[in-house]
Amino acid sequence: MTAIAPSPRTEATDPAPDSAALAGFGYRQELHRSMGRYASFAAGFSFISVLTTVFQFFAFGYSFGGGAFFWTWPAVLLGQLLVAACFAELAARYPISGAIYQWSTRLSRPAFGWFAGWIMVTGQIVVVAAAALALQMVLPAVWSGFQIVGGDPAPTTATGAANAAVLAVVLLVLTTVVNVLDNRVLSVVNRVGVTAEIIGAVLIVVLLLTHSERGGGVTLHTGGEGGAIGALLVGAFAAAYVLIGFDSAGEMSEETRNPRRTAPRTILTALLAAGVLATLMVLGGLLAAPSLTDGRLATEGLAYVLTSSLGPGVGKALLLDVALAVAVATLAIQTSATRMLFSMARDGVLPASRVLGRVSPRTGMPVAPAVVVGVAAAGLCLLNLASPEAFLAIGTTCIAMLYLAYAMVTGPMLLRRLRGGWAADAGVDELGKPLFSLGRWGLPINVLALAYGLFMTVNLAWPRAAVYDPEGGHWYFQWFTVLFLGTMLALGTAYRMLRRPAVAVQPVPEPSAAS
């Protein structure tokens with residue numbers, strides 16, 4: 001196996017050890033390497049963004065799974081921790097931007113890795129749109145003036161869906177500007193936002209648990225149709241949507257100091273911290289809800305619980321913190337997608353690669369990818385103007401695509417282990433300590449991670465009419481995930497058939513040490 005064929009821009013000019021290690025993979029240090037451990041943690045945590053996603057999908061999960069949908073949270077967290085453990089090993093060995101694309105390529109073949117990156121980046125763009133749409137869940141509840149379109153603010157109504165699109169586009173303009181300014185500005189915004197989100201999430205958990213209206217028995221009752229198992233499979237969508245994006249800490253490796261040591265740990269800590277907070281928040285919401293039968297919990301979600309149980313003053317103050325979390329999450333997800341586009345374009349495997357693979361020498365930011373991601377996400381948000389069902393279709397599509405992309409890493413990784421090509425001891429990190437490794441637990445964890453990922457991908461993409469087209473008459477929303485994924489695969493296949501990549505990325509052997 002051979003290393004990546006270096007492009008004309010791959011000469012290492014920066015003598016720093018991290019930059020020299022990057023040069024060993026055939027890349028020049030162009031992104032500014034200024035992020036420390038907390039900033040790396042913030043990258044993963046802000047993508048997950050428990051305040052954004054729990055508020056966004058709590059109502060949906062409860063409407064299908066009832067109180068028992070609480071149990072889907074620890075189950076999904078356990079499954080994702082298996083995946084994150086595999087990713088932590090890869091982040092230590094391959095600290096490169098475009099993590100999913102780079103890892104899949106090096107574990108399998110260039111064509112397979114390209115499709116993993118293509119699915120991942122299109123999925124990330126959809127996640128950006130879904131995150132931006134979450135503003136509708138909180139801002140109108142804070143002040144009616146944020147309902148610019150007028151009418152019912154519920155995102156399931158025509159006026160609420162239209163207003164969500166307006167707020168989302170405004171937010172995407174702002175996040176795109178930050179994403180082209182400077183790496184240091186981006187890092188500061190992320191750190192401040194994550195700190196505020198963690199404080200807000202802890203406060204919400206404490207206040208909800210201390211304002212409980214009922215006991216934990218509520219978590220034993222299911223809702224929806226199709227029996228308890230069917231209800232929980234759909235209710236698990238909420239947890240599945242929340243607990244993604246932990247790989248962003250690896251995505252930012254080329255901007256992180258000591259990435260071989262830092263990224264593996266921040267991948268795991270970001271997911272674990274977010275998962276525990278999200279699970280407690282869901283439990284607190286179920287216990288503190290004024291009513292479980294008036295229908296508001298299944299339509300308004302946690303925003304209803306906060307303003308009703310804690311009073312309008314405290315509730316709205318916490319909702320403002322949620323709005324900040326939504327903005328920072330949208331920014332972080334857009335950043336992650338931008339790095340994926342940049343990494344693939346740098347290898348010359350995307351249309352307009354010369355433009356998309358360019359980094360501003362002054363800011364150290366890939367400007368063109370940030371603009372492309374922002375514009376594409378805004379276009380997806382405008383689907384909300386067509387129908388309120390677009391909100392759920394967009395949300396579940398992005399989850400399914402990311403789960404599939406994750407499986408396209410854990411699958412080749414498992415094959416590499418079974419063929420004996422995965423060394424448990426693969427060298428040392430920047431501080432001379434052994435690289436993060438699962439040791440003898442690597443094989444069983446890898447098997448379970450792949451099985452879980454494939455199961456959840458099918459579960460998420462299954463075209464349930466009751467979920468995707470409850471009103472009927474919109475067959476394209478019922479099949480939206482399958483159609484969107486099929487279209488993306490067709491477009492990717494057509495591009496690869498019409499134009500061979502300018503630079504072929506080949507798998508590389510396991511590094512024997514951090515250089």
Side-chain angles (χ1 to χ4, degrees), residues 1-37 39-40 43 87-107 110 113 117 183-184 186-187 247-267 335-336 338-349 353 356-366 369 409 426-433 435-436 503-515:
M1 294 185 290
T2 58
I4 298 176
S7 70
R9 303 182 298 116
T10 57
E11 296 86 356
T13 58
D14 189 335
D18 292 336
S19 301
L22 181 61
F25 290 105
Y27 299 117
R28 188 178 68 183
Q29 183 73 55
E30 296 180 282
L31 303 173
H32 290 180
R33 194 178 291 275
S34 60
M35 295 173 59
R37 185 167 183 173
S40 177
F87 285 6
E89 277 197 315
L90 290 167
R93 295 166 185 253
Y94 308 115
I96 316 172
S97 289
I100 299 299
Y101 156 70
Q102 295 283 355
W103 297 342
S104 183
T105 297
R106 285 168 166 74
L107 292 170
N183 175 277
R184 289 168 295 183
L186 177 69
S187 180
D247 53 293
S248 290
E251 195 71 64
M252 305 297 288
S253 287
E254 290 185 32
E255 294 154 88
T256 304
R257 296 187 293 271
N258 299 329
R260 292 184 190 271
R261 182 167 185 80
T262 300
R265 288 157 179 78
T266 52
I267 285 174
T335 302
S336 187
T338 297
R339 299 306 182 269
M340 179 67 75
L341 267 183
F342 161 73
S343 183
M344 295 182 72
R346 177 174 58 181
D347 286 345
V349 297
S353 285
L356 293 174
R358 188 177 302 145
V359 174
S360 168
R362 183 179 62 84
T363 66
M365 303 290 271
V409 172
V428 296
D429 60 26
E430 296 87 356
L431 301 184
K433 303 292 181 63
L435 290 180
F436 178 91
V503 178
V505 183
Q506 300 294 334
V508 297
E510 303 299 331
S512 59
S515 54

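Atoms CE and NE2, from M365 and H32 in turn, are 10.0 Å apart once rounded to the nearest 0.5 Å. Considering CZ of F436 and CG of L90, their distance stands at 10.5 Å, rounded to 0.5 Å. Distance CZ/R184 to OG1/T363: 9.5 Å, rounded to 0.5 Å. Put simply, CD on E251 and OG1 on T338 are 9.5 Å apart, with the number rounded to the nearest 0.5 Å. Atom OG of S19 and atom CZ of R28 lie 11.0 Å apart (nearest 0.5 Å).
A donor-acceptor distance shorter than 3.5 angstrom exists from the side chain of D18 to the backbone of N258, with no hydrogens or angles considered. Between the side chain of R260 and the main chain of R93, a donor-acceptor pair closer than 3.5 Å is present. One N or O on the side chain of W103 and one on the backbone of Y94 form a donor-acceptor pair closer than 3.5 Å. Listed for the Q102 side chain is no donor-acceptor partner under 3.5 Å among the backbone atoms of S104. A donor-acceptor distance shorter than 3.5 angstrom exists from the side chain of E254 to the backbone of S97, with no hydrogens or angles considered. In this structure, R33 contributes its side chain and T256 its backbone to a donor-acceptor pair below 3.5 Å. Formation of a donor-acceptor pair under 3.5 Å by the S253 side chain with backbone atoms of G250 is found in this model.
Residues A43 and M252 approach most closely at CB-CG, 3.9 Å, considering heavy atoms. When all heavy atoms of Y101 and G117 are compared, the closest pair comes out as CB-CA, 3.7 Å.
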Full working for side chain to side chain contact (heavy atoms under 4.5 Å, CB included) between L31 and R339: CA-CA 10 Å; L31 303 173; R339 299 306 182 269; 4.2 Å; yes
E430 and R257: CA distance, side-chain angles, deciding distance, side chain to side chain contact (heavy atoms under 4.5 Å, CB included) verdict: CA-CA 9 Å; E430 296 87 356; R257 296 187 293 271; over 6 Å; no
Worked check of side chain to side chain contact (heavy atoms under 4.5 Å, CB included) between T105 and D347: CA-CA 12 Å; T105 297; D347 286 345; over 6 Å; no
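Taking a 6.0 Å sphere around CZ of R37, one finds it holds 12 or fewer heavy atoms contributed by other residues, nucleotides or ligands.
A salt bridge does not link E30 with R346: every distance from a Lys NZ or Arg NE/NH1/NH2 to an Asp or Glu carboxylate oxygen is 4.0 Å or more.
Taking 4.5 Å as the limit, some side-chain heavy atom of R106 sits within range of a side-chain heavy atom of I96.
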